[in-house]
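Structure first, commentary second.
Note on naming: letters A, B, ... go to the chains in the order of the sequence lines (proteins, then strands), and numbering restarts at 1 for each one.
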Amino acid sequence: MIDLQPVKGTRDFFPDEMRLRNWLFEVWRKVSEQAGFEEYDTCVLEHEELYIRKAGDEISKQLYSFEDKAGRRLSLRPEMTPSLARLVLQHTKSLSFPIKWFSMPQCFRYERMTKGRRREHFQWNADIIGQPEMVAEAEILMLLISACESMGLTAKDIRVFINDRRILNAILSQLNVAQELHSAVLVIMDKRDKISAEALGKMLEEVGMSSSQVEQLNEYLSKSDLQELKDSLQDTEGIDELQHLLQLMDTAGYRDYLQFDISIVRGLSYYTGAVFEVNSPEKQHRAICGGGRYDSLLSTYGGETVPAVGFGFGDVVILDVLKELEHFPELPRTLDYTIIPFDSEQVGAALKIAVELRSKGATVDCNFSMKKMKKSLQQANESGAKFAILLFPEEMSQDKVVIRDMQLREQKPINITDLISSVEQVS
RNA sequence: GCGGGCGUAGCUCAGCUGGUAGAGCUCCGGAUUGUGAUUCCGGUGGUCGAGGGUUCAAACCCCUUCGCUCGCCCCA
């Protein structure tokens, strides 16, 4: 017997789970399109070099890579943004910016699994490319919040924790932290709410900050009030921009979802402006969604500098959250009709009726198992059929069938032609 | 890389200080040979993850190994 388990870290989607996945995809697609985003896709296979960046050691360890028969180094995509960058760079000259695109790619990372993280997941991505102003962030945030609301979540359930990399840079510059230490310091600051203050300070000193710099940094980081922080900084660009964004979101009616959080850092060289993560207000989960502005990414692939902002929103964590909050949708299988021939004599008639009903746009299944009527009706019930069409020799001899309303448990004979014409054309 | 938990029927699991296996659901059949919610009866189905050890006797104790899972580390 071969191993029946799915590959470690990957999932099978039985029909029940597939309905749930499709439901989630429909929410993503609908809110995206309603907000004017266009869908795109690329192949799950990419050239490995797309993911090999300067600090690329870690990510290349997590790549599913292999060599094809012609010796090309290929990878399963670990994220969508590089592929998006590739598409945009192909047509930088002809695209009419700003563009608003979304995608729902399956992504792969070879990594150790924990709750909310598998080796494969579907990740809704939405990006606005070519718009440098903060209104792009506003649109992006509104989009992901509206997706959460479509799933039944409110400002009580989720929060967008937001920061701006320019604020962090302004603080570090003001403390005279050397430019080359900034990225290392930012990585450590990312851990701020995971480890103790002592451990944090120790790590910061280890990368080269002085103890007085650490002390002052802590003072800045303890300020949860934007205005207070602004008053203590010389370079206020990041704060001004963030305040502008918060104002825009207030106008849109989404201010309750947003919370300034100086500990949100995300990644390394990627982000240049706003950075954000979505989580429960108490941050009980792995981030549901994360993103920000990455104005310099495209130029790192050798293209022009193109401003960009976007997010990734994975299916695994959001489904965990919805389950926990009991916001899981009820998604039973449904059918309009199940046709049940009494014996093999009616099989041909069953097929013919099925074809005609389907041509009207109805969903129609046939039960050709020729089991007892009891069993067939049971199966019709389980399949969610609204009506069972029973084909008995007696009625068929008069060109009639028995139509049974499964919910009312009532039935009557009906002319086949009347049955067909009673169905409203859907298409 | 470190640490914990779990592997028993198709599924979810019970099985006490060791005495060679059980329930619910599913499936199949019957009460009802043309009728489905909550009826009732019966039946199929297990190399107790694998291998070794201790014992008169192991699902249970010990060792090894594989698989799954959760947390930490790492990372987004």
Distance-only donor-acceptor test, [X] side-chain atoms vs [N] base atoms, 3.5 Å:
X	N	result
R112(A)	C73(B)	no
R286(A)	A76(B)	no
Q411(A)	U35(B)	yes

Separation between the [atom1] atoms of [N] and [M], rounded to whole Å:
N	M	atom1	value
C16(B)	G34(B)	P	50 Å
U69(B)	U26(B)	P	27 Å
U17(B)	A76(B)	P	48 Å
G10(B)	C40(B)	C1'	25 Å
U39(B)	G24(B)	P	13 Å
C60(B)	A21(B)	C1'	12 Å

Would you mind telling me which of [options] lies closest to the side-chain atoms of [X]?
X	options	value
R409(A)	C73(B), G36(B), G34(B)	G36(B)
K115(A)	C70(B), G34(B), A76(B)	C70(B)
K8(A)	A76(B), C68(B), C28(B)	C68(B)

* Asked: How would nucleotides 39-47 of chain B be written as a contact map, 5' to 3', with B for base contact, S for sugar-phosphate-only contact and - for no contact, using protein heavy atoms under 4.0 Å?
  -> B--------
* Asked: Within 45° of the six-membered ring axis of F13(A) and under 6.0 Å from that ring's centre, is NZ or CZ of R21(A) located there?
  ->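 Judged by the rule (NZ or CZ under 6.0 Å from the ring centre, within 45° of its axis), R21(A) counts as positioned above F13(A).
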* To do: Would you verify whether the NZ or CZ of K386(A) falls within 45 degrees of the ring axis of Y337(A) while also being under 6.0 Å from that six-membered ring's centre?
  => no
* Asked: Is any side-chain nitrogen or oxygen of K372(A) closer than 4.0 Å to OP1 or OP2 of G30(B)?
  ->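 For G30(B), OP1/OP2 do have a side-chain N/O of K372(A) under 4.0 Å.
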* Do the side-chain N or O atoms of K371(A) get closer than 4.0 angstrom to the phosphate oxygens (OP1, OP2) of C28(B)? ->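 So the side-chain polar atoms of K371(A) do come within 4.0 Å of the phosphate oxygens OP1 or OP2 of C28(B), strictly under.
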* Compare the ring of F342(A) with the six-membered ring in the base of G34(B) and state whether they stack (centres under 5.5 Å, planes under 30°). => no
* Asked: In terms of ring plane angle, is the pair Y257(A) and Y254(A) parallel, tilted or perpendicular, where the classes change at 30° and 60°?
  ->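 Rings of Y257(A) and Y254(A): perpendicular, over 60°.
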* To do: Look at the aromatic rings of W101(A) and Y40(A) and report parallel, tilted or perpendicular, splitting at 30° and 60°.
  => tilted
* Asked: If you measure from the Lys or Arg side-chain nitrogens to the Asp or Glu carboxylate oxygens, is any gap between K360(A) and E356(A) under 4.0 Å?
  ->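 Result for this pair is no, no salt bridge flagged.
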* **Watson-Crick/G-U partner (both atom distances under 3.5 Å) of G1(B)** =>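 Pairing partner, where one exists within any strand: C72(B).
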* Describe the nucleic acid contact of Q378(A) in one word from base, sugar-phosphate, nothing, applying a heavy-atom distance below 4.0 Å. => sugar-phosphate
* To do: Give a yes or no on whether E326(A) atom CD has more than 12 heavy-atom contacts from other residues, nucleotides or ligands under 6.0 Å away.
  => no
* side-chain contact (heavy atoms from CB on, under 4.5 Å) between R119(A) and R109(A), worked out -> CA-CA 5 Å; R119(A) 287 181 175 174; R109(A) 287 190 192 193; over 6 Å; no
